[in-house]
Number of protein chains: 2
Amino acid sequence: MATPIHQRLREDVLASVFAPDEPLTEAKLTERYGASRTPVREALQRLEQDGLVERRGKAVVVRTHSAEEIIDIYESRIILEQAAAAKAAVKATALDRQLLMGLLTQMQQLDPGDGRALAETNRAFHAQLWRATHSPSLIGLLERLDQQVRRYTLTTLTYPGRWPVVLADYVDLLAAIGDGDSARAGEIAARHMSDALNIRLKMYAEDPRTL
Amino acid sequence: MATPIHQRLREDVLASVFAPDEPLTEAKLTERYGASRTPVREALQRLEQDGLVERRGKAVVVRTHSAEEIIDIYESRIILEQAAAAKAAVKATALDRQLLMGLLTQMQQLDPGDGRALAETNRAFHAQLWRATHSPSLIGLLERLDQQVRRYTLTTLTYPGRWPVVLADYVDLLAAIGDGDSARAGEIAARHMSDALNIRLKMYAEDPRTL
DNA sequence: TTGCACACCATTGTATACAATGGTGTGCAA
DNA sequence: TTGCACACCATTGTATACAATGGTGTGCAA
């Protein structure tokens with residue numbers, strides 16, 4: 001079975017294949033993905049519900065976010081990541097903790113200049129942390145929020161001096177989770193996300209085009 | 001313009017028009033809503049993404065939740081309602097507060113035996129509280145969670161002795177919001193939702209069929 | 001009776017014809 | 001040149017024909 005079209009379209013949108021104001025016409029997408037309009041329309045509808053594209057008049061375009069919207073999403077995410085870390089401290093299994101340790105070790109060996117690799121393993125780490133909550137609803141909410149700002153997240157990790165702090169935060173976080181210290185795990189996660197927001201704001205102040 | 005089909009289907013699903021294991025075949029729905037398969041399929045897909053229906057094999061059926069899943073959703077909701085109340089205390093405008101007061105007054109005049117009216121205004125109150133956060137992402141997350149358990153929420157409000165407590169909680173909550181006391185508003189909301197969960201658990205223990 | 005292979009057909013998945021619509025460019029008036 | 005009315009057509013919306021598929025019942029073997 002080939003990869004479903006909505007998934008391919010999703011990847012392309014997240015990889016910024018389409019320009020911000022470029023109309024995602026059904027004709028263009030049927031050609032690109034070699035399918036008829038029906039599955040293409042379904043894919044567009046799905047991504048619209050996920051908040052990745054939006055209807056602008058008749059056309060569908062990649063959804064962009066204002067600085068205010070991004071801040072808003074970050075603020076919600078701080079809350080959810082705090083809750084997730086706190087819950088993971090209580091619910092994580094030995095396997096969850098091992099997987100997290102493995103990912104952390106992997107991250108410590110990465111080239112801090114390779115933004116793509118940083119972003120990728122960082123996301124894997126977060127995803128595993130979410131799974132460690134064993135809470136389907138939390139996982140769903142976090143995935144939803146993450147997807148909406150994924151296109152923008154590469155940058156904070158490569159901000160000067162950020163990466164070592166990220167790694168140190170994760171070490172502390174795993175220690176707290178290992179101790180089953182829910183409150184501390186939550187605090188670390190909240191501060192971590194809050195730092196990420198502050199860096200984004202600083203970057204925005206330095207150059208508004210970075211979003 | 002007629003009401004879109006996905007909206008009508010959504011209302012019907014939430015109103016428990018369909019039995020838990022009844023297949024929502026496209027043929028049945030095209031007849032019911034007087035449209036062709038294309039819009040019906042779109043509606044089914046939307047509701048599937050919203051978590052209201054699910055594919056079981058080839059068929060689509062109304063999604064039901066196990067006790068564990070409902071508890072999980074409540075727990076996430078406690079977190080989000082706390083965050084929303086805290087944020088509303090900071091962000092609510094005079095208009096927001098007036099609308100909330102109006103809804104509360106309305107609720108105080110309802111017949112406590114009219115479960116449907118209770119559920120309806122209660123939802124309106126929550127929705128207005130969410131709006132008072134002026135946070136699109138929080139509102140979206142809360143709407144999503146609410147929808148998934150909406151079919152089950154009627155019952156806690158009519159549980160013996162519950163309604164007066166609900167009203168008292170809302171009075172306290174609005175007072176905290178009026179004072180701009182973010183922490184207290186959050187605490188009240190969290191305890192309120194946590195009480196609702198406990199009542200649901202008690203009901204479940206008394207009669208597992210109530211879900 | 002029980003278990004299984006298989007064929008049928010109800011149902012979903014995909015492609016596409018036709019209808020509806022809204023965005024854009026043309027041409028005319030001022 | 002500027003503003004506006006209007007017609008065209010690109011694009012989306014809807015209906016439906018045809019293809020694919022999986023669930024179910026039938027009949028046969030043991």
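Chain A is the first sequence line, chain B the second, and so forth, proteins listed ahead of strands; every chain is numbered from 1.
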Requested in this report: Take A:Arg32 and A:Val17 through the test side chain to side chain contact (heavy atoms under 4.5 Å, CB included) and record every step on the way to the result.
Outcome: CA-CA 12 Å; A:Arg32 182 178 178 92; A:Val17 166; 3.5 Å; yes

**Report entry** Main-chain N/O of B:Leu145 paired with B:Gln148 side-chain donor or acceptor, under 3.5 Å
**Finding:** no

Query raised in the report: To the nearest Å, how far apart are B:Leu29 CG and D:dA15 C1'?
Result: 16 Å

Query raised in the report: Quick one: the side chain of B:Lys58 and the base of C:dT11, do they pair up donor-acceptor inside 3.5 Å?
Result: yes

Query - Complementary nucleotide for D:dT14 - Watson-Crick or wobble, under 3.5 Å - result: C:dA17

Requested in this report: Both distances under 3.5 Å, Watson-Crick or G-U wobble: report the partner of C:dT26, or none.
Outcome: D:dA5

Query raised in the report: Counting only side-chain N and O atoms of A:Arg41, is one of them less than 4.0 Å from OP1 or OP2 of D:dG13?
Result: yes

Query raised in the report: Quick one: is B:Ser36 getting a side-chain N or O under 4.0 Å of the D:dA15 phosphate, OP1 or OP2?
Result: yes

Query raised in the report: Can you check the A:Arg55 CZ to C:dG22 P distance for me, whole Å?
Result: 13 Å

Requested in this report: Any chance you could lay out the side chain to side chain contact (heavy atoms under 4.5 Å, CB included) test for A:Thr158 and A:Trp163, step after step, and finish with the verdict?
Outcome: CA-CA 7 Å; A:Thr158 50; A:Trp163 187 242; over 6 Å; no

Report task. Can you figure out which of D:dT14, D:dG13, C:dG13 approaches the side chain of B:Thr38 most closely? Result -> D:dT14

Report task. Could you check how far CD of B:Glu31 sits from P of C:dT11, rounded to whole Å? Result -> 12 Å

Requested in this report: Could you check A:Gly57 against A:Arg37 and say which one's nearest nucleotide on DNA chain C is further toward the 5' end?
Outcome: A:Arg37

Query raised in the report: Which whole-number value in Å describes the distance from A:Glu26 CD to D:dT14 P?
Result: 11 Å

Report task. State, with a plain yes or no, whether a side-chain heavy atom of B:Gln49 is found less than 4.5 Å away from one of A:Asp50. Result -> yes

Requested in this report: Find the distance B:Lys28:NZ to C:dA10:P and express it as a whole number of Å.
Outcome: 15 Å

Query - Between C1' of D:dG22 and CZ of B:Arg56, the distance in whole Å - result: 16 Å

**Report entry** Gap between atoms CD and P, on B:Glu42 and D:dT16 respectively (whole Å)
**Finding:** 16 Å

Query raised in the report: Roughly how many Å is it from CG in A:Leu44 to P in D:dT11, rounded to a whole number?
Result: 14 Å

**Report entry** Side-chain heavy-atom pair B:Asp146, B:His126 within 4.5 angstrom cut-off
**Finding:** no

